[in-house]
Protein chains: 2
Amino acid sequence: MEKSNRKEACLVKLRASRDALEVIQGKWRIPIIVSLTYGNKRFGEIRKDIEDISPKMLSQELKELEMNKLISRTLYDSMPVTVEYALTPLGQSMNRLLEELLAWGIHFRGEMTRKEVKLSEVSA
Amino acid sequence: MEKSNRKEACLVKLRASRDALEVIQGKWRIPIIVSLTYGNKRFGEIRKDIEDISPKMLSQELKELEMNKLISRTLYDSMPVTVEYALTPLGQSMNRLLEELLAWGIHFRGEMTRKEVKLSEVSA
DNA sequence: TATACTAGTTACCTAATGGTTATTAGTTAC
DNA sequence: GTAACTAATAACCATTAGGTAACTAGTATA
């Protein structure tokens, strides 16, 4: 009984994580969301945050994120037309996930450089 | 000053999240790690957990994860050779991240189905 | 000899992802 | 008229990710 519960829990977790993955897959979606957690931004401002993204990819991924209700797009009828992107409540709900991703990214990088140092000590 | 701190924080977070993304990118790596959080497993057992993964992809991604020190591979010299995969401490350190991914995946799915229900109510 | 189980590997193909460069359209300033 | 700024879009190409199906090697069992 204990074993089958465990298996059930594993399968539930697998399904949920794959649901989440589908939405955040790709090189740019998470970075775009991270950029927007630091304030509503215009197209050009996001481009400045994520230096190596092309306008094509930014445009494409913003559309995807809007379709999935993670961000909103507001057009302002100012003199040069401006467009503001913002996180929706659903987008904001990724906050804890992003914090953990950030924390683990730092941890991982730390572990990797530590190991490289060790290796070079051995070979020296 | 406050604004430049914010910008700095944003850039740091962007770098860290992209570091993490590189390691966990793709359709299969997270599911494989999730499967291994529920106990050490053999090749065939992981295949059973993740029903739609092909042996090619499983083999390929296991190698990648081993190279990044997230999992270990142990060969047992039993009669039909068996191989056991397990999370390393670094792999285990993804636990909190996985919990948040799971939680958000469930939340996201809930939000999406709620919205679909609403839409059908409107059109009815 | 044939079948099955272990853990993969190989060759081949398609689809998705991402990159590059040039272009659009509307408005303001020079 | 021309340049510059806004937010994109289009055409084209290269790379990668991922899928399918067949096959390998070693051992045991019928």
Side-chain angles (χ1 to χ4, degrees), chain A residues 14-15 17-36 39-68 70-87, chain B residues 14-15 17-36 39-68 70-87:
Chain A
L14 277 170
R15 228 177 301 133
S17 61
R18 289 183 71 175
D19 281 350
L21 275 178
E22 245 179 61
V23 187
I24 61 175
Q25 271 294 10
K27 197 172 170 181
W28 302 116
R29 288 180 202 175
I30 292 282
I32 290 169
I33 291 167
V34 168
S35 168
L36 290 177
N40 301 353
K41 300 222 171 109
R42 291 184 295 154
F43 193 87
E45 290 176 316
I46 304 175
R47 279 191 75 180
K48 262 171 231 153
D49 277 351
I50 311 170
E51 292 178 0
D52 49 350
I53 195 170
S54 68
K56 173 193 148 182
M57 288 310 295
L58 181 52
S59 169
Q60 183 180 301
E61 297 301 88
L62 284 169
K63 272 181 199 159
E64 278 293 322
L65 291 171
E66 204 194 340
M67 273 175 43
N68 281 321
L70 295 179
I71 65 173
S72 64
R73 179 182 185 275
T74 312
L75 185 119
Y76 288 103
D77 214 9
S78 47
M79 322 197 181
V81 180
T82 54
V83 177
E84 191 177 81
Y85 292 94
L87 291 182
Chain B
L14 276 171
R15 227 177 301 132
S17 60
R18 289 183 69 174
D19 281 351
L21 276 178
E22 245 179 62
V23 187
I24 61 175
Q25 271 294 8
K27 196 172 170 180
W28 303 115
R29 290 181 202 174
I30 292 280
I32 290 169
I33 292 168
V34 167
S35 168
L36 290 177
N40 301 353
K41 301 221 170 108
R42 290 183 296 153
F43 192 87
E45 291 177 314
I46 304 175
R47 278 191 77 181
K48 262 173 231 153
D49 277 350
I50 312 172
E51 293 179 358
D52 48 351
I53 195 170
S54 67
K56 173 195 147 183
M57 288 309 295
L58 181 53
S59 167
Q60 183 180 302
E61 299 301 86
L62 284 169
K63 271 180 197 161
E64 279 293 320
L65 290 171
E66 203 194 341
M67 273 174 45
N68 282 320
L70 295 180
I71 65 173
S72 64
R73 179 183 187 274
T74 312
L75 186 119
Y76 290 103
D77 215 9
S78 45
M79 325 203 175
V81 179
T82 54
V83 178
E84 190 176 80
Y85 293 94
L87 291 182

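Within every chain, numbering begins at 1; the chains are lettered A, B, ... in the order of the sequence lines, protein sequences first and strands thereafter.
- A:W28 and A:I50 make their closest contact through CZ3-CG2, 3.5 Å (heavy atoms, listed as atom of the first residue, atom of the second, distance).
- Contact annotation for A:Y85: backbone-only contact, meaning every heavy-atom pair under 4.0 Å involves sugar-phosphate atoms and none involves a base.
- Of all nucleotides present, only D:dA17 satisfies the Watson-Crick or G-U wobble test against C:dT14, with each distance under 3.5 Å.
- If you measure from atom CD of A:E22 to atom P of C:dT17, you get 11 Å, rounded to the nearest angstrom.
- Put simply, CZ on B:F43 is 16 Å from P on C:dC5, counting in whole angstrom units.
- At a threshold of 4.5 Å between non-hydrogen side-chain atoms, the residues B:L36 and B:K41 count as touching.
- Here the closest heavy-atom approach between residue A:L14 and residue B:S35 is recorded as CD2-N, 4.5 Å.
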Item to complete: Run the numbers on A:K27 and B:R18 for side-chain contact (heavy atoms from CB on, under 4.5 Å), then give the verdict.
Response: CA-CA 8 Å; A:K27 197 172 170 181; B:R18 289 183 69 174; 4.0 Å; yes
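- No engagement by A:R47 is indicated, since no non-hydrogen atom pair under 4.0 Å with the nucleic acid exists.
- Position along DNA chain C of the nearest nucleotide to A:E61 versus B:Q60 favours B:Q60 as the more 5'-ward residue.
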Practice prompt. Could you please spell out the steps behind the side-chain contact (heavy atoms from CB on, under 4.5 Å) verdict for B:Y85 and B:I71?
Written response: CA-CA 7 Å; B:Y85 293 94; B:I71 65 173; 4.0 Å; yes
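- Closest to the A:R73 side chain, of the nucleotides D:dT9, D:dA7, C:dT6, is D:dA7.
- For the pair A:L58 CG and C:dG18 P, the interatomic distance rounds to 13 Å; values are reported in whole Å.
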So which protein N/O to nucleotides 19-23 of chain C N/O distances come out below 3.5 Å?
from, atom 1, to, atom 2, distance (Å)
C:dG19, OP1, A:K27, NZ, 2.9
C:dG19, OP2, A:W28, NE1, 3.4
C:dG19, N7, A:K56, NZ, 3.1
C:dG19, O6, A:K56, NZ, 2.1

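- Side-chain contact between A:P31 and B:L21: present, with at least one pair of heavy atoms (C-beta onward) separated by less than 4.5 Å.
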Please report, to 0.1 Å, the donor-acceptor pairs under 3.5 Å made by any side chain of residues 53-63 of chain A, with sequence neighbours excluded.
from, atom 1, to, atom 2, distance (Å)
A:S54, OG, A:M57, N, 3.3
A:E61, OE2, A:R29, NE, 3.0

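- Rounded to whole angstrom, the span from the CZ atom of B:R42 across to the P atom of C:dG8 amounts to 11 Å.
- Rounding to whole angstrom units, CD of residue A:Q25 and P of C:dT17 are separated by 8 Å.
- Scanning all heavy atoms of the two residues, the minimum distance from B:K48 to B:E51 falls at O-CG, 3.6 Å.
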Atom pairs under 3.5 Å, N or O on each side, protein against nucleotides 24-29 of chain C: can you list them with distances?
none

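- Formation of a donor-acceptor pair under 3.5 Å by the A:Q25 side chain with backbone atoms of B:G26 is found in this model.
- Going from atom NZ of B:K63 over to atom C1' of C:dT10 covers 11 Å, rounded to whole Å.
- As rounded to whole Å, 13 Å separates atom P of D:dG18 from atom CD1 of B:I50.
- Between the C1' atom of C:dA7 and the CG atom of B:N40 lies a distance of 17 Å, rounded to the nearest Å.
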